[in-house]
Amino acid sequence: MARSLNLEENCFLNQYGDQATMQARFNYYPVCPRPEQVLGVKPHADGSAITMLLQDKEVEGLQVLKDDQWFRVPIIPQALLINVGDQVEIMSNGIFKSPVHRVLTNSERERITLAVFCIPHPDQEIGPVEELIDEERPRLYKKVKDYVSLYFQYYQKGRRPMEAALI
Ligand SMILES: O=C(O)CCC(=O)C(=O)O
Ligand SMILES: [Fe+2]
(Lines give C-alpha, C1' and ligand atoms only; values in the text may rest on other atoms or scores of the structure.)
(Ligands and ions follow the chains in the order given, each with its own letter.)
Protein backbone atom coordinates (compact mmCIF):
# COMPACT_ATOMS: atom_id res chain seq x y z
CA MET A 1 0.00 0.00 0.00
CA ALA A 2 2.85 2.35 0.87
CA ARG A 3 4.56 1.53 -2.40
CA SER A 4 1.42 2.35 -4.36
CA LEU A 5 1.68 5.91 -2.98
CA ASN A 6 5.43 6.11 -3.76
CA LEU A 7 6.25 6.12 -0.06
CA GLU A 8 8.98 4.40 1.87
CA GLU A 9 7.90 0.77 2.04
CA ASN A 10 7.49 0.40 5.82
CA CYS A 11 6.00 3.79 6.57
CA PHE A 12 2.62 2.36 7.60
CA LEU A 13 3.95 -0.84 9.15
CA ASN A 14 6.48 1.09 11.29
CA GLN A 15 3.60 2.78 13.04
CA TYR A 16 2.31 -0.57 14.35
CA GLY A 17 5.28 -0.83 16.74
CA ASP A 18 7.14 -4.01 17.61
CA GLN A 19 4.25 -5.59 19.43
CA ALA A 20 1.33 -5.18 17.12
CA THR A 21 -1.55 -7.54 17.76
CA MET A 22 -3.84 -9.67 15.66
CA GLN A 23 -7.21 -10.29 17.24
CA ALA A 24 -9.38 -13.01 15.79
CA ARG A 25 -13.14 -13.00 16.14
CA PHE A 26 -15.52 -15.65 14.99
CA ASN A 27 -18.88 -14.16 14.06
CA TYR A 28 -21.85 -16.50 14.29
CA TYR A 29 -25.17 -15.38 12.82
CA PRO A 30 -27.99 -17.75 13.72
CA VAL A 31 -31.03 -18.19 11.49
CA CYS A 32 -33.29 -15.19 12.03
CA PRO A 33 -37.05 -15.32 11.44
CA ARG A 34 -37.25 -11.54 10.80
CA PRO A 35 -34.25 -10.60 8.60
CA GLU A 36 -35.99 -7.44 7.38
CA GLN A 37 -36.08 -6.17 10.96
CA VAL A 38 -32.82 -7.49 12.41
CA LEU A 39 -29.23 -6.82 11.38
CA GLY A 40 -26.40 -9.25 12.12
CA VAL A 41 -23.98 -6.34 12.71
CA LYS A 42 -25.03 -2.69 12.62
CA PRO A 43 -23.30 -0.28 10.20
CA HIS A 44 -19.73 0.39 11.32
CA ALA A 45 -16.21 0.85 10.03
CA ASP A 46 -13.47 -1.30 11.60
CA GLY A 47 -11.22 0.21 14.29
CA SER A 48 -8.26 -1.88 13.17
CA ALA A 49 -5.54 -0.87 10.73
CA ILE A 50 -6.39 -3.77 8.41
CA THR A 51 -8.96 -6.52 8.75
CA MET A 52 -8.75 -9.91 7.05
CA LEU A 53 -12.11 -11.59 6.71
CA LEU A 54 -12.78 -15.19 5.83
CA GLN A 55 -16.40 -15.23 4.75
CA ASP A 56 -18.79 -18.13 5.12
CA LYS A 57 -18.30 -20.46 2.16
CA GLU A 58 -21.97 -20.50 1.22
CA VAL A 59 -23.98 -17.79 2.90
CA GLU A 60 -23.68 -14.12 1.94
CA GLY A 61 -24.58 -11.27 4.25
CA LEU A 62 -21.89 -8.60 4.21
CA GLN A 63 -22.71 -5.27 2.54
CA VAL A 64 -20.55 -2.18 1.97
CA LEU A 65 -21.83 1.40 1.81
CA LYS A 66 -20.77 3.45 -1.20
CA ASP A 67 -22.42 6.66 -2.44
CA ASP A 68 -25.29 6.13 0.05
CA GLN A 69 -26.08 2.71 -1.38
CA TRP A 70 -25.49 -0.75 0.07
CA PHE A 71 -23.60 -3.18 -2.15
CA ARG A 72 -23.42 -6.91 -1.44
CA VAL A 73 -19.99 -8.45 -1.07
CA PRO A 74 -19.97 -11.68 -3.09
CA ILE A 75 -18.41 -14.87 -1.78
CA ILE A 76 -15.18 -15.88 -3.45
CA PRO A 77 -14.37 -19.41 -2.19
CA GLN A 78 -11.13 -19.62 -0.16
CA ALA A 79 -10.45 -15.88 -0.63
CA LEU A 80 -9.61 -13.56 2.23
CA LEU A 81 -11.33 -10.22 2.05
CA ILE A 82 -8.93 -7.43 3.01
CA ASN A 83 -10.64 -4.42 4.53
CA VAL A 84 -9.01 -1.08 5.31
CA GLY A 85 -9.72 -0.02 8.89
CA ASP A 86 -9.87 3.44 10.48
CA GLN A 87 -6.20 3.38 11.53
CA VAL A 88 -4.98 3.05 7.94
CA GLU A 89 -7.38 5.82 6.91
CA ILE A 90 -5.72 7.97 9.59
CA MET A 91 -2.16 6.97 8.62
CA SER A 92 -2.85 7.63 4.93
CA ASN A 93 -4.42 11.03 5.74
CA GLY A 94 -7.71 9.86 4.23
CA ILE A 95 -6.37 8.45 0.96
CA PHE A 96 -7.30 4.86 1.85
CA LYS A 97 -10.89 4.86 3.08
CA SER A 98 -12.23 2.71 5.88
CA PRO A 99 -15.59 1.67 4.45
CA VAL A 100 -18.82 1.48 6.42
CA HIS A 101 -20.25 -2.02 6.27
CA ARG A 102 -23.04 -4.06 7.87
CA VAL A 103 -24.19 -7.65 8.00
CA LEU A 104 -27.70 -8.87 7.13
CA THR A 105 -29.38 -11.85 8.75
CA ASN A 106 -30.84 -14.78 6.89
CA SER A 107 -34.14 -16.58 7.55
CA GLU A 108 -32.98 -19.94 6.20
CA ARG A 109 -29.33 -20.45 6.92
CA GLU A 110 -26.86 -19.70 9.68
CA ARG A 111 -23.61 -17.97 8.79
CA ILE A 112 -20.09 -18.04 10.27
CA THR A 113 -17.18 -15.74 9.44
CA LEU A 114 -13.72 -15.20 10.85
CA ALA A 115 -12.40 -11.66 11.16
CA VAL A 116 -8.74 -11.02 12.04
CA PHE A 117 -8.03 -7.44 13.09
CA CYS A 118 -4.45 -6.15 12.71
CA ILE A 119 -3.89 -3.52 15.38
CA PRO A 120 -0.93 -1.28 16.23
CA HIS A 121 0.37 -1.49 19.80
CA PRO A 122 -1.79 0.73 22.09
CA ASP A 123 1.25 2.72 23.33
CA GLN A 124 2.21 3.51 19.78
CA GLU A 125 1.20 6.92 18.46
CA ILE A 126 -0.26 6.70 14.97
CA GLY A 127 -0.97 9.59 12.61
CA PRO A 128 -0.89 10.72 9.00
CA VAL A 129 2.41 10.06 7.23
CA GLU A 130 4.12 13.47 6.80
CA GLU A 131 4.65 12.92 3.05
CA LEU A 132 0.88 12.76 2.61
CA ILE A 133 0.27 16.20 4.10
CA ASP A 134 0.66 19.30 1.97
CA GLU A 135 -1.22 22.43 0.94
CA GLU A 136 -3.46 20.54 -1.44
CA ARG A 137 -4.16 17.82 1.10
CA PRO A 138 -4.01 19.34 4.57
CA ARG A 139 -3.73 17.17 7.65
CA LEU A 140 -7.14 15.60 8.35
CA TYR A 141 -6.36 13.62 11.48
CA LYS A 142 -4.61 14.12 14.80
CA LYS A 143 -2.02 11.75 16.16
CA VAL A 144 -3.78 9.23 18.41
CA LYS A 145 -2.80 6.45 20.78
CA ASP A 146 -4.85 3.36 21.63
CA TYR A 147 -7.42 4.11 18.96
CA VAL A 148 -9.25 0.84 19.69
CA SER A 149 -10.23 2.09 23.18
CA LEU A 150 -11.37 5.42 21.75
CA TYR A 151 -13.25 3.48 19.09
CA PHE A 152 -15.35 1.53 21.59
CA GLN A 153 -16.07 4.60 23.72
CA TYR A 154 -17.58 6.28 20.66
CA TYR A 155 -19.18 3.10 19.28
CA GLN A 156 -21.11 2.47 22.49
CA LYS A 157 -22.58 5.96 22.30
CA GLY A 158 -23.64 5.40 18.68
CA ARG A 159 -21.10 7.98 17.45
CA ARG A 160 -18.73 7.54 14.51
CA PRO A 161 -15.37 6.69 16.16
CA MET A 162 -13.34 8.52 13.50
CA GLU A 163 -14.58 11.74 15.09
CA ALA A 164 -12.08 11.02 17.85
CA ALA A 165 -9.21 11.49 15.40
CA LEU A 166 -10.59 14.25 13.18
CA ILE A 167 -8.97 17.67 13.49
O1 LIG B 1 -19.29 -11.23 9.33
C2 LIG B 1 -18.98 -10.43 8.44
O3 LIG B 1 -19.18 -10.65 7.25
C4 LIG B 1 -18.34 -9.11 8.80
C5 LIG B 1 -18.11 -8.93 10.28
C6 LIG B 1 -17.57 -7.57 10.61
O7 LIG B 1 -17.82 -6.59 9.96
C8 LIG B 1 -16.69 -7.42 11.78
O9 LIG B 1 -16.48 -8.43 12.50
O10 LIG B 1 -16.19 -6.30 12.01
FE1 LIG C 1 -16.47 -4.96 10.46
Side-chain angles (χ1 to χ4, degrees), residues 1 4 12-13 15-17 19-122 124 126-128 140-141 144-166:
M1 292 174 86
S4 74
F12 295 130
L13 211 49
Q15 295 200 37
Y16 284 58
Q19 289 177 318
T21 52
M22 292 177 98
Q23 287 179 9
R25 183 167 75 211
F26 287 88
N27 296 300
Y28 173 64
Y29 307 96
V31 168
C32 173
R34 297 256 179 281
E36 64 293 341
Q37 288 178 24
V38 182
L39 285 172
V41 182
K42 72 175 182 176
H44 68 283
D46 290 349
S48 56
I50 292 283
T51 306
M52 292 181 276
L53 183 74
L54 182 63
Q55 291 212 77
D56 192 284
K57 281 196 192 73
E58 292 172 2
V59 185
E60 273 187 15
L62 180 61
Q63 295 187 326
V64 178
L65 188 64
K66 185 172 182 287
D67 303 327
D68 292 326
Q69 272 193 303
W70 289 105
F71 292 87
R72 50 178 273 277
V73 177
I75 295 167
I76 303 174
Q78 316 302 332
L80 288 174
L81 178 85
I82 306 297
N83 184 46
V84 168
D86 289 354
Q87 299 199 53
V88 160
E89 180 163 335
I90 294 168
M91 291 180 201
S92 69
N93 200 26
I95 290 178
F96 293 121
K97 300 274 187 282
S98 169
V100 172
H101 50 284
R102 69 178 185 182
V103 182
L104 304 184
T105 47
N106 189 301
S107 60
E108 277 150 32
R109 302 191 63 184
E110 60 184 15
R111 178 170 183 266
I112 298 179
T113 64
L114 171 60
V116 177
F117 301 96
C118 304
I119 300 169
H121 190 272
Q124 190 77 16
I126 66 136
L140 295 177
Y141 303 107
V144 288
K145 260 191 198 175
D146 198 5
Y147 179 78
V148 173
S149 297
L150 290 172
Y151 179 93
F152 283 111
Q153 284 165 31
Y154 276 68
Y155 189 83
Q156 277 157 0
K157 291 181 191 153
R159 293 174 67 184
R160 176 115 212 258
M162 278 293 261
E163 281 174 35
L166 270 175

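Atoms within each ligand, like the ligands themselves, are counted from 1 in listed order. Keep in mind the model is a prediction, meaning the values are calculated, not measured.
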**Student:** What protein atoms of element N, O or S are positioned under 2.8 Å from the Fe ion (ligand 2)?
**Tutor:** His44 NE2, Asp46 OD1, His101 NE2
**Student:** Kindly check if the number of other-residue, nucleotide or ligand heavy atoms within 6.0 Å of CD (Gln19) is above 12?
**Tutor:** no
**Student:** Hey, mind stepping through Ile90 and Met162 against side-chain contact (heavy atoms from CB on, under 4.5 Å) and telling me if it holds?
**Tutor:** CA-CA 9 Å; Ile90 294 168; Met162 278 293 261; 4.0 Å; yes
**Student:** To the nearest 0.1 Å, how far is atom 8 (C) of ligand 1 from its closest protein heavy atom, and which atom is that?
**Tutor:** Arg25 NH2, 3.3 Å
**Student:** Check whether any side-chain heavy atom of Gln55 sits under 4.5 Å from a side-chain heavy atom of Glu60, and report yes or no.
**Tutor:** no
**Student:** Using non-hydrogen atoms of the residue, decide whether Val41 is closer than 4.0 angstrom to ligand 1.
**Tutor:** no
**Student:** State whether the number of non-hydrogen atoms from other residues, nucleotides or ligands found under 6.0 Å of Lys97 atom NZ is greater than 12.
**Tutor:** yes
**Student:** Any sub-3.5 Å donor-acceptor pair from Arg111's side-chain atoms to Val59's backbone N or O?
**Tutor:** yes
**Student:** Heavy-atom distances under 4.0 Å decide this one: backbone, side chain, both or neither, for Tyr28 against ligand 1?
**Tutor:** neither
**Student:** Can you establish whether the number of heavy atoms outside Lys57 located under 6.0 Å from its atom NZ is more than 12?
**Tutor:** no
**Student:** Evaluate the side-chain proximity of His44 to Tyr151: yes if any heavy-atom separation is below 4.5 Å, no if none is.
**Tutor:** yes
**Student:** If the cut-off is 4.0 Å to any non-hydrogen atom of Asn27, which atoms of ligand 1 fall inside it?
**Tutor:** 1 (O), 5 (C), 9 (O)
**Student:** List ligand 1 atoms under 4.0 Å from His101, heavy atoms only on the residue side.
**Tutor:** 7 (O)
**Student:** May I ask whether His44 has any heavy atom positioned less than 4.0 angstrom from an atom of ligand 1?
**Tutor:** yes
**Student:** Write out the residue and atom name of the closest protein heavy atom to atom 3 (O) of ligand 1, then the distance separating them to 0.1 Å.
**Tutor:** Arg111 NH2, 3.0 Å
**Student:** Does CZ belonging to Phe26 count more than 12 external heavy atoms closer than 6.0 Å?
**Tutor:** no
**Student:** Counting C-beta onward and ignoring hydrogens, is there a side-chain heavy-atom pair between Phe71 and Pro99 closer than 4.5 Å?
**Tutor:** no
**Student:** State, yes or no, whether a side-chain contact exists between Thr113 and Leu53 at a heavy-atom distance under 4.5 Å.
**Tutor:** yes
**Student:** If you measure every N/O of Tyr29 against every N/O of ligand 1, is any gap under 3.5 Å?
**Tutor:** yes
**Student:** Need the ligand 1 atom indices (1-based, order shown) with element for anything under 4.0 Å from a heavy-atom of Val103.
**Tutor:** 1 (O), 2 (C), 3 (O), 4 (C)
**Student:** What is the minimum heavy-atom distance between Arg102 and Leu104, and which atoms define it?
**Tutor:** NE-CD2, 3.8 Å
**Student:** Where does Leu53 meet ligand 1, judged by heavy-atom distances below 4.0 Å: at the side chain, the backbone, both, or neither?
**Tutor:** side chain
